[in-house]
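Per chain, numbering begins at 1; letters A, B, ... match sequence-line order. Quick caveat: nothing in here was measured; it's all calculated off a predicted structure. The basis for the numbers below is simple: all heavy atoms, side chains too, and nothing from hydrogens, waters or symmetry mates.
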4 protein chains.
Amino acid sequence: MARPHPDAGSRGNQYPIPASMKAWVLGGPEELSVVEKPVPEPGPTEVLVRVDAIAVCATDIEIMRHGVPAMIDGGLPFNRGFTPGHEYMGTIVKLGPTVDEFQVGERVTVEVHAGCGRCQRCREGMYTSCLNYGYRAKGHRANGFSTDGGFAEYAVNNINTLAHVPDDMSDAEATLVVTAGTAMCGLDVMGGVIAGEGLTGTRDRRLEMGKRLGADHIVNVGREDAVEAVQRLTGGRGAQYVLECSGAPKALNEAARMVNRGGRICLAAFPADPVPVDLAYLVRNNIYVFGIRGEGKSATHRAAALMAQKRFDAKLIHTHTFSFAEVPTAIRYARERIEDAIKVVVQIRET
Amino acid sequence: MARPHPDAGSRGNQYPIPASMKAWVLGGPEELSVVEKPVPEPGPTEVLVRVDAIAVCATDIEIMRHGVPAMIDGGLPFNRGFTPGHEYMGTIVKLGPTVDEFQVGERVTVEVHAGCGRCQRCREGMYTSCLNYGYRAKGHRANGFSTDGGFAEYAVNNINTLAHVPDDMSDAEATLVVTAGTAMCGLDVMGGVIAGEGLTGTRDRRLEMGKRLGADHIVNVGREDAVEAVQRLTGGRGAQYVLECSGAPKALNEAARMVNRGGRICLAAFPADPVPVDLAYLVRNNIYVFGIRGEGKSATHRAAALMAQKRFDAKLIHTHTFSFAEVPTAIRYARERIEDAIKVVVQIRET
Amino acid sequence: MARPHPDAGSRGNQYPIPASMKAWVLGGPEELSVVEKPVPEPGPTEVLVRVDAIAVCATDIEIMRHGVPAMIDGGLPFNRGFTPGHEYMGTIVKLGPTVDEFQVGERVTVEVHAGCGRCQRCREGMYTSCLNYGYRAKGHRANGFSTDGGFAEYAVNNINTLAHVPDDMSDAEATLVVTAGTAMCGLDVMGGVIAGEGLTGTRDRRLEMGKRLGADHIVNVGREDAVEAVQRLTGGRGAQYVLECSGAPKALNEAARMVNRGGRICLAAFPADPVPVDLAYLVRNNIYVFGIRGEGKSATHRAAALMAQKRFDAKLIHTHTFSFAEVPTAIRYARERIEDAIKVVVQIRET
Amino acid sequence: MARPHPDAGSRGNQYPIPASMKAWVLGGPEELSVVEKPVPEPGPTEVLVRVDAIAVCATDIEIMRHGVPAMIDGGLPFNRGFTPGHEYMGTIVKLGPTVDEFQVGERVTVEVHAGCGRCQRCREGMYTSCLNYGYRAKGHRANGFSTDGGFAEYAVNNINTLAHVPDDMSDAEATLVVTAGTAMCGLDVMGGVIAGEGLTGTRDRRLEMGKRLGADHIVNVGREDAVEAVQRLTGGRGAQYVLECSGAPKALNEAARMVNRGGRICLAAFPADPVPVDLAYLVRNNIYVFGIRGEGKSATHRAAALMAQKRFDAKLIHTHTFSFAEVPTAIRYARERIEDAIKVVVQIRET
């Protein structure tokens with residue numbers, strides 16, 4: 001599987017690793033500047049990744065404003081030169097001790113969570129619920145959240161967070177894998193959106209899979225009522241699953257009215273403040289609600305595979321590209337949706 | 001398994017069935033009166049049960065006030081002589097066509113939902129989410145909700161809603177099986193509170209299983225903060241599962257803070273109106289929330305078995321007994337918690 | 001969803017139903033003849049289907065030789081004018097009482113098992129394991145196994161066994177849905193071959209999905225060793241799932257060596273006699289083995305949907321077509337694989 | 001939770017750790033001798049356990065004869081001074097780097113498998129199927145199988161393999177936890193033998209839970225046919241689950257005839273050589289067979305909890321106790337079932 005990049009030559013001098021690197025870091029809220037940092041050293045089960053490209057995620061913008069949305073300390077990243085960014089891809093340039101699962105020169109894309117591997121949740125396979133979240137010494141990593149992320153020239157990644165990128169997939173497209181992985185994970189968590197099931201519903205409803213995986217820009221809720229639309233499209237039977245990615249205050253109540261009795265809703269986004277929820281409706285209709293913190297269950301690997309097979313074309317949502325020096329502009333485009341920006345990618349390493 | 005009641009003699013005349021019976025029926029909200037009704041006839045897959053005893057459930061009180069908490073029509077029971085009551089037990093006195101799973105003379109306790117058996121949900125085993133809820137002609141029954149219940153001398157039950165009552169279990173105790181079944185179902189739905197797991201936690205926390213199954217009268221939230229109590233009792237690790245049966249407005253937010261990352265909450269009760277819910281907390285912590293409409297997954301059978309084995313003593317929560325004529329008093333005791341009433345039982349048939 | 005066939009006009013006289021029909025019936029083993037039988041009447045939850053086309057399955061051939069492979073009575077069909085055949089499709093011409101899920105004129109394809117809906121297994125959603133198998137009065141049907149099948153002009157089907165056929169799918173292709181459904185069911189039972197996962201492996205191994213669903217004619221085990229092939233194709237890591245459809249005596253031992261530790265094997269076929277199995281290998285490697293009796297878990301619906309979406313082209317395996325009168329020839333072609341026959345279809349109603 | 005043993009005083013000198021220790025080691029097959037070995041050093045995520053007691057398992061006897069029943073190299077332990085034994089308990093005397101989950105002085109019992117935490121199986125929570133089995137540098141440990149076990153004064157354990165032993169549980173009883181854990185794991189794997197279900201069946205069949213967990217000495221197959229016994233005890237309905245621990249050649253075929261349609265069988269033992277298996281029966285009856293390699297799914301923790309609660313009395317199966325010097329005698333008693341020996345315990349450290 002693992003194979004060197006086409007431009008790989010002799011390994012000795014091919015990926016010379018400098019002692020220091022350029023990295024964007026947070027100061028106070030929304031203060032971003034470039035500094036020179038030491039290139040980090042991969043430990044056991046880790047590799048050093050040369051970051052080639054990174055996409056801007058709405059969560060990055062939240063973190064720059066409010067700090068990390070984690071349990072232990074909301075203000076975690078501020079005042080410590082923290083580097084945000086988690087939707088990146090790149091090239092492996094160094095292997096940590098014992099790593100033979102990957103090779104130097106291999107192109108990879110990343111997912112966020114590397115659990116500690118020793119708590120009850122990790123032991124159950126639920127590494128995104130790691131009970132040692134933020135506890136670096138015990139092995140937990142969430143790059144761009146509790147450990148340095150990808151708005152830099154290099155990053156260290158646990159091998160469990162890596163998925164292979166095929167040669168014919170561009171850097172920009174590969175940065176979108178983790179986004180697709182979150183959707184895939186949501187489908188998994190809801191319990192068996194197995195081949196044929198979700199897809200069918202999608203087709204019947206004139207929503208292609210590609211659109212579903214980026215659902216927040218399909219339904220024009222300015223023009224039509226989402227609940228009515230779903231009920232109309234399903235002939236009044238309602239949907240079986242709803243993957244909610246908007247974080248809108250009324251989204252959960254609406255989702256509940258989109259599904260049928262026994263339906264399932266996955267929340268992959270959320271409003272900042274508590275919102276009124278009609279719990280009676282959920283209980284009376286046997287509805288299950290699954291909160292997910294991103295892309296667990298190795299869903300990123302499945303997303304990468306589907307994209308490698310051209311099962312859906314994530315490139316459609318990629319609208320803008322900037323250079324490393326233009327990171328603040330890239331973030332502004334994503335935040336303010338300038339020129340109808342959807343996915344904004346920063347090409348860290350010029351190709 | 002199935003065996004006649006000890007007082008069974010020759011079958012021919014043992015359970016003479018009258019043409020009509022006494023039944024309590026609803027008029028307008030909170031109007032309850034006794035009428036004479038025809039004894040119903042069991043169809044295929046059904047039996048006629050002579051009701052021996054019935055417990056008053058908080059949901060009965062809700063239904064008498066506001067109608068049935070179902071999807072299709074909230075006001076369903078009013079103005080039609082509807083008989084409420086779903087926590088009953090009795091003796092089988094007649095078998096419908098093709099029934100050989102039970103015998104005349106057998107004592108049984110009941111669960112509420114008999115799905116249609118033909119919709120997608122029933123086909124998946126989720127009969128409490130039957131998509132034909134309230135559609136009697138297609139086979140759906142929810143006695144005490146969409147079809148006549150147990151505040152009457154006789155009731156018709158689908159055989160799927162029956163669990164055998166052993167000879168040494170009293171009528172009153174048998175009425176409590178469905179309550180325990182709801183708790184068991186909640187534990188199932190949360191996914192594998194398998195032998196040892198839940199029980200353990202319960203023990204560690206000085207809450208016996210018996211108490212857990214009637215959780216709303218254990219934690220004295222007037223005297224201590226429930227979240228703090230759980231965190232203290234679990235050494236700060238939080239619980240893995242919370243079964244919420246109070247319907248209090250703040251209960252879900254509190255439950256979320258009782259569980260650890262990746263924890264699971266089952267809602268078996270609900271506040272009447274929408275309440276503020278901190279969805280961000282649910283998503284950030286990978287928390288799953290399961291709404292359940294009562295006692296699915298055949299959990300009533302397991303509850304009956306545990307009670308038959310004296311694994312927990314439901315009799316502890318049985319505080320008052322009334323006669324058929326005293327139904328309004330029984331309901332008043334339950335509603336107003338007169339004399340610290342917990343479970344109020346009506347002995348329909350004098351023994 | 002449900003819509004009349006394009007050639008549907010006024011309903012009154014469009015599908016005139018005769019009193020009797022032509023049907024192939026079994027005499028003794030391998031004795032097949034055409035008789036005139038009454039057209040059956042659909043009961044509640046049932047419809048009458050005019051059979052338009054039917055495929056010959058290896059199991060049909062087994063049944064004609066040895067009787068039905070069911071628990072209760074291996075010789076069930078003989079000497080009673082039993083009509084075999086279960087891979088058929090057709091047009092709904094009459095609805096039983098209470099049926100509104102389908103319409104007259106709708107084209108449908110079928111799955112085999114309609115559980116009783118009242119035993120523990122059906123209640124759990126495992127209707128192919130119905131504990132009342134063969135007990136017609138309790139609602140069980142397995143057309144072509146315990147009740148009359150599709151080598152006839154008409155058949156009665158439980159609505160749970162029907163899947164809609166889109167207008168642009170041919171009769172012949174629609175007969176292949178149940179075969180695909182069995183494969184889909186196997187994938188489900190093995191536990192979450194969710195979108196991306198199985199597909200990926202398939203691609204990596206140069207086996208297209210379409211080939212996987214008809215696996216017995218892909219691997220040329222005369223030319224290469226199947227275990228070595230899988231190990232080679234997976235880079236020595238082994239497969240995660242194997243769906244075994246050959247029934248070869250050594251197939252399970254080989255499948256065990258194809259999967260990795262913790263791998264899963266679904267047996268959808270079997271050798272007639274007991275065969276040596278290396279149980280030590282299964283236990284030491286945490287391998288799970290799932291026997292499946294056909295197409296449960298509503299997998300046929302998902303297969304129909306995938307085929308409607310052209311996700312795989314079942315037509316590739318359709319090699320021969322015969323007329324109603326040529327049923328014995330069709331069976332001979334299938335049994336003896338004449339002219340490399342794979343799927344042999346009988347067009348019951350000339351189009 | 002974690003608390004020092006009652007005899008714990010100041011930590012500094014309480015558990016002085018010598019440089020070397022006495023350990024039983026394998027030479028050739030069935031050659032066992034005592035040597036002096038260095039006391040091992042715990043790494044990150046590990047602790048040093050002073051072994052207090054150990055039980056003899058049938059698998060130990062197999063290993064002494066034939067080597068380790070693992071994938072990578074059947075002859076692994078021979079000629080390298082390997083120390084067998086995996087059913088031990090003891091006292092934590094030293095913590096590895098970063099360990100704060102346990103304390104020095106705490107009594108613990110162990111399970112076998114510490115997965116690598118980095119392969120696909122570990123990531124899914126299936127650590128007993130670790131794809132890096134036997135690869136010590138990547139973190140895998142299976143004490144008594146691929147790494148040194150407990151027939152020694154000290155052993156190193158990954159913290160994931162430890163369960164707390166309460167003060168009022170004897171050393172001997174604590175050695176039985178892992179055995180119970182294997183049974184618990186089997187119940188889990190079969191899918192939801194949730195509270196009430198298994199227990200019930202057990203009661204109905206006059207088999208207490210304690211007996212079930214040690215099933216091979218309940219059914220006297222010399223006096224009655226096991227299949228007939230189960231069918232008789234279940235009123236002809238068959239069992240839902242069978243946990244097979246005998247490894248007898250005909251056990252799987254018998255188990256298949258003990259369960260009903262859709263039943264499940266867990267194989268926790270196996271015959272040495274391939275045996276004839278009636279696969280047709282498994283497929284026709286939708287039976288699932290789960291091979292398990294011991295006590296995964298953290299079942300040992302649940303077993304420890306149940307035993308701490310006196311839910312079953314494992315002491316009943318403890319028949320003999322020997323000293324460290326008598327290990328060969330202990331093994332002989334276990335192997336030859338001398339004096340009807342069931343569980344033979346070696347008290348490594350005199351109390």
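- Put simply, of C:D278, C:L282, C:V275, the one with the most heavy-atom pairs under 4.5 Å next to chain D is C:V275.
- For C:H113, there are no ring pair (Phe, Tyr, Trp, His ring centres under 6.0 Å) partners two or more places apart in sequence or in a different chain.
- With sequence neighbours excluded, the residues satisfying side-chain hydrogen bond (donor to acceptor under 3.5 Å, both in side chains) with C:N286 are D:T128, D:S129.
- The minimum heavy-atom distance linking D:A280 with C:F270 is given by the pair CB-CD1, 3.2 Å.
- In this structure, chain C has heavy atoms under 4.5 Å from both the backbone and the side chain of D:L267.
- Using a 4.5 Å cut-off between heavy atoms, C:L252 contacts chain D through its side chain alone, with no backbone atom that close.
- D:I292 touches chain C through backbone and side chain together, each having a heavy atom under 4.5 Å away.
- The CZ atom of D:F290 sits 7.5 Å away from the CZ atom of C:R264 when rounded to the nearest 0.5 Å.
- For D:C119, no part sits under 4.5 Å from any heavy atom of chain C, backbone or side chain.
- Residues C:R261 and D:R293 meet the side-chain proximity criterion, which asks for heavy atoms closer than 4.5 Å.
- Two residues are said to be in side-chain contact when any heavy atoms from C-beta on lie closer than 4.5 Å; D:R121 and C:Q240 meet this criterion.
- Remark: D:R237 CZ to C:L131 CG distance equals 9.5 Å, nearest 0.5 Å.
- The side chain to side chain contact (heavy atoms under 4.5 Å, CB included) test with D:V289 singles out one residue from C:V283, C:V289, C:V277, C:L279, and that residue is C:V289.
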